[in-house]
There are 2 protein chains.
Amino acid sequence: MKEERKPKYYVLMDNLRKDIERGIIQPGDKIESENQLAEKYKMSRHTVRKALSILESEGYIVAEHGRGTFCKERDMSIKSTKNVAVVTTYISDYIFPRLIQGMYQTLDEEGYSVIIKNTGNSPKLEGKILQELIDKNIDGLIIEPSKSEIYSENVELYKKLDEYRIPYVFIHATYPQLEDKPHIVMDDIGGAKILTQHLIDLGHKRIAGVFKADDNQGAERHRGYIEGLTSNGMTYDPNIVALFHTEDKDYKPVAEVLKWVKSGEKIDGIVCYNDQIAYEIAAALRNEGIRIPEDVSLTGFDNLAMPWMNDLRITTIAHPREHFGEKAARLLIEKINHVSDADSKIARVVESKLIVGNSCADRRG
Amino acid sequence: MKEERKPKYYVLMDNLRKDIERGIIQPGDKIESENQLAEKYKMSRHTVRKALSILESEGYIVAEHGRGTFCKERDMSIKSTKNVAVVTTYISDYIFPRLIQGMYQTLDEEGYSVIIKNTGNSPKLEGKILQELIDKNIDGLIIEPSKSEIYSENVELYKKLDEYRIPYVFIHATYPQLEDKPHIVMDDIGGAKILTQHLIDLGHKRIAGVFKADDNQGAERHRGYIEGLTSNGMTYDPNIVALFHTEDKDYKPVAEVLKWVKSGEKIDGIVCYNDQIAYEIAAALRNEGIRIPEDVSLTGFDNLAMPWMNDLRITTIAHPREHFGEKAARLLIEKINHVSDADSKIARVVESKLIVGNSCADRRG
DNA sequence: ATTGTATACATGTACGTACAAGTGCTATAA
DNA sequence: TTATAGCACTTGTACGTACATGTATACAAT
């Protein structure tokens with residue numbers, strides 16, 4: 001007396017589909033004939049035909065007149081668009097063109113087209129882009145988190161990506177909630193530690209820090225800076241550490257440093273968030289008559305070349321740019337091809353390499 | 001006794017589909033009921049249902065239980081992928097990141113995703129990319145021709161784009177066979193003429209030229225240089241004009257200029273294909289002890305900033321970069337939306353603007 | 001050995017009937 | 001006035017029959 005509310009044809013259709021999806025019926029296999037199925041399921045041939053016609057329109061089977069009905073070769077090309085997206089905070093500035101170039105080359109070799117997107121470091125825009133990309137049915141995604149130190153408001157969207165089996169790879173940082181997802185990052189803690197150690201080795205006594213507060217990289221560089229100080233027995237002084245956000249980035253770092261200097265702080269070195277900030281600070285300090293590196297040493301990140309200041313080369317941590325992009329692309333391709341296992345933690349950390357410029361003075365004498 | 005080989009249900013299906021496609025049945029309209037159609041076409045209701053079920057699976061109609069069957073809102077998103085491609089010779093170098101940025105911003109605003117591709121200035125690769133993009137069913141294409149002065153081997157592919165109604169916009173140059181297609185170019189003839197005139201006005205007597213021979217821009221700049229000379233009564237001397245190809249670009253321009261200088265040519269100014277070439281020549285000449293601009297003046301194109309030579313600013317013709325990209329994107333969007341008429345000649349030329357640097361000496365004294 | 005043909009069996013088309021179930025309107029009862 | 005029961009009409013499910021047409025094969029005729 002079981003009350004089956006499903007129509008008869010639906011039951012047959014569902015059984016067959018499940019058999020195909022579970023591999024019990026293999027591609028190329030012949031399905032039992034309509035009359036056989038009708039007898040087996042105790043329904044009319046007409047009802048069997050209804051079930052089969054649905055499966056045929058969905059692409060599971062093909063009927064061949066006079067021969068029988070066969071399970072179709074699973075056509076993955078319908079699902080695979082061979083498009084992948086690269087979502088970065090910026091496109092045309094800084095290291096990004098060459099980062100994207102590295103990804104492009106690798107992905108292109110593997111036959112993927114690259115859709116570029118930029119978030120301008122806005123989580124809201126990131127959300128909009130993710131939704132759009134999910135609708136576009138891409139094969140995979142390389143994404144640089146926006147404001148990664150802030151808990152992501154887009155976790156549901158990343159879950160959706162998981163649901164739809166769209167693999168993604170984080171670069172430069174991850175979100176605190178998504179640390180177990182595949183990502184490729186620089187060893188930012190190690191990098192900042194190396195730079196701090198470098199300044200200490202050169203005899204610096206009072207080393208300031210300027211870090212970004214709303215992304216993971218900034219937080220880690222901050223941590224590395226602290227570790228560098230404390231492991232040498234120096235005390236961490238929050239009064240000479242400036243933290244800025246994306247919105248402040250054009251004035252706050254410089255303003256804070258100038259404030260210290262004008263208030264008489266005896267800073268002899270600054271570990272900066274990146275080379276761009278370092279060059280800006282250099283320009284501002286020189287403007288105040290402070291010599292770099294004779295009075296204040298500067299370090300940065302990303303070995304950036306500056307067009308308008310070629311006598312100063314900031315001592316920095318190398319960013320491998322194209323190679324970094326290539327690494328990310330390779331990891332994504334592995335995920336697309338299911339080479340690496342399902343959802344295991346796949347983090348690849350690029351070790352930090354010091355590049356010595358002429359922005360740090362030797363104060364041991 | 002007409003022999004109709006088409007099944008009855010097929011006739012009904014075909015009629016309805018054509019009515020929908022021709023707009024006789026509008027989206028939202030109610031289709032006659034199954035019984036009405038059966039009577040009208042003198043077939044059983046069962047046969048009518050077969051016809052309707054096919055149309056439903058194809059997305060033309062929707063049946064609503066108890067209410068009727070309705071013509072579906074035409075789902076254009078099936079055809080429109082909202083993807084457009086930007087195909088340039090390079091991606092990460094020179095002016096291209098900012099050019100692409102300009103296109104990206106405009107296309108993004110209009111809801112299009114941007115697929116980037118680069119040809120490395122190889123017509124063969126361009127062909128491969130075009131074929132791939134046609135298969136990908138993109139909505140439109142912005143393309144910088146590769147070796148545009150050589151007749152394109154890919155004309156059939158551009159014809160295919162026309163067939164499939166995929167609009168495309170050329171930037172920087174067109175192919176000789178495709179000059180009537182929409183394109184956005186710099187006024188290269190005018191630009192070279194302005195630069196030549198500038199040197200003449202400053203009292204230069206023997207002005208050399210270094211141009212690319214395998215792209216349209218190079219050929220036009222070459223022409224503008226000639227016009228600039230002859231319109232001032234000066235003679236064009238092929239002995240002090242170097243033409244190079246993409247493959248030669250890294251050594252030939254510099255080598256030719258050095259050959260002239262070493263053979264005792266009394267050159268006092270050079271109109272260069274672009275700033276990159278100009279800076280390379282500047283570095284090579286300085287290496288030989290020749291002063292810029294005191295001994296030789298240099299001009300270029302594209303107002304490029306050079307990281308490693310900040311005391312020299314080449315006098316150049318401005319390239320609007322983002323604005324140029326934006327213009328191209330707007331033209332493409334017009335073509336996609338059929339705002340501008342079918343295949344009319346839509347060429348937009350960006351006028352040349354001189355930017356005076358410090359690479360040209362005043363020799364009037 | 002090749003060709004043709006009969007046959008069995010597959011799917012395809014087309015007719016019929018009956019009843020289930022959702023929708024929208026109207027006439028009727030509370 | 002409001003709720004609802006009934007009715008007409010819609011699509012949805014399900015059964016039945018019949019014959020058309022394509023495919024593969026066994027077997028006979030050439």
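Throughout, a chain's letter reflects where its sequence line sits, starting with A, and its residues are numbered from 1.
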Could you tell me whether B/K136 atom NZ has more than 12 heavy atoms of other residues or ligands within 6.0 Å of it?
yes

Between the protein and nucleotides 6-10 of chain C, are there any N/O to N/O pairs under 3.5 Å, and if so, what are the atom names and distances?
none

ring-ring contact (aromatic ring centres under 6.0 Å, His included) filter on A/Y112, not counting sequence neighbours, yields none

Could you go through nucleotides 13-16 of chain C and list every protein N or O atom that sits under 3.5 Å from one of its N or O atoms, giving the distance for each pair?
unit_1: C/dT13; atom_1: OP1; unit_2: B/Y9; atom_2: OH; d: 2.7
unit_1: C/dT13; atom_1: OP2; unit_2: B/K50; atom_2: NZ; d: 3.2
unit_1: C/dA14; atom_1: OP1; unit_2: B/K8; atom_2: N; d: 2.6
unit_1: C/dA14; atom_1: OP2; unit_2: B/K8; atom_2: N; d: 3.1
unit_1: C/dA14; atom_1: OP2; unit_2: B/Y9; atom_2: N; d: 3.1
unit_1: C/dC15; atom_1: OP1; unit_2: B/K8; atom_2: NZ; d: 2.4
unit_1: C/dC15; atom_1: OP2; unit_2: B/S44; atom_2: N; d: 3.0
unit_1: C/dC15; atom_1: OP2; unit_2: B/S44; atom_2: OG; d: 3.3
unit_1: C/dC15; atom_1: OP2; unit_2: B/T47; atom_2: OG1; d: 2.5

Please enumerate all residues that pass salt bridge (charged side-chain N to carboxylate O under 4.0 Å, His left out) together with A/E163, with sequence neighbours excluded.
none

Any salt bridge linking A/R17 with A/E58? Criterion: basic side-chain nitrogen under 4.0 Å from a carboxylate oxygen.
yes

Contacts satisfying ring pair (Phe, Tyr, Trp, His ring centres under 6.0 Å) that involve residues 16-48 of chain A (not counting sequence neighbours) are A/H46-B/H46

Identify, with sequence neighbours excluded, every residue that meets side-chain contact (heavy atoms from CB on, under 4.5 Å) alongside B/R165.
none

Once you measure the plane-to-plane angle for A/Y175 and A/F170, does it fall in the parallel (<30°), tilted (30-60°) or perpendicular (>60°) bin?
perpendicular

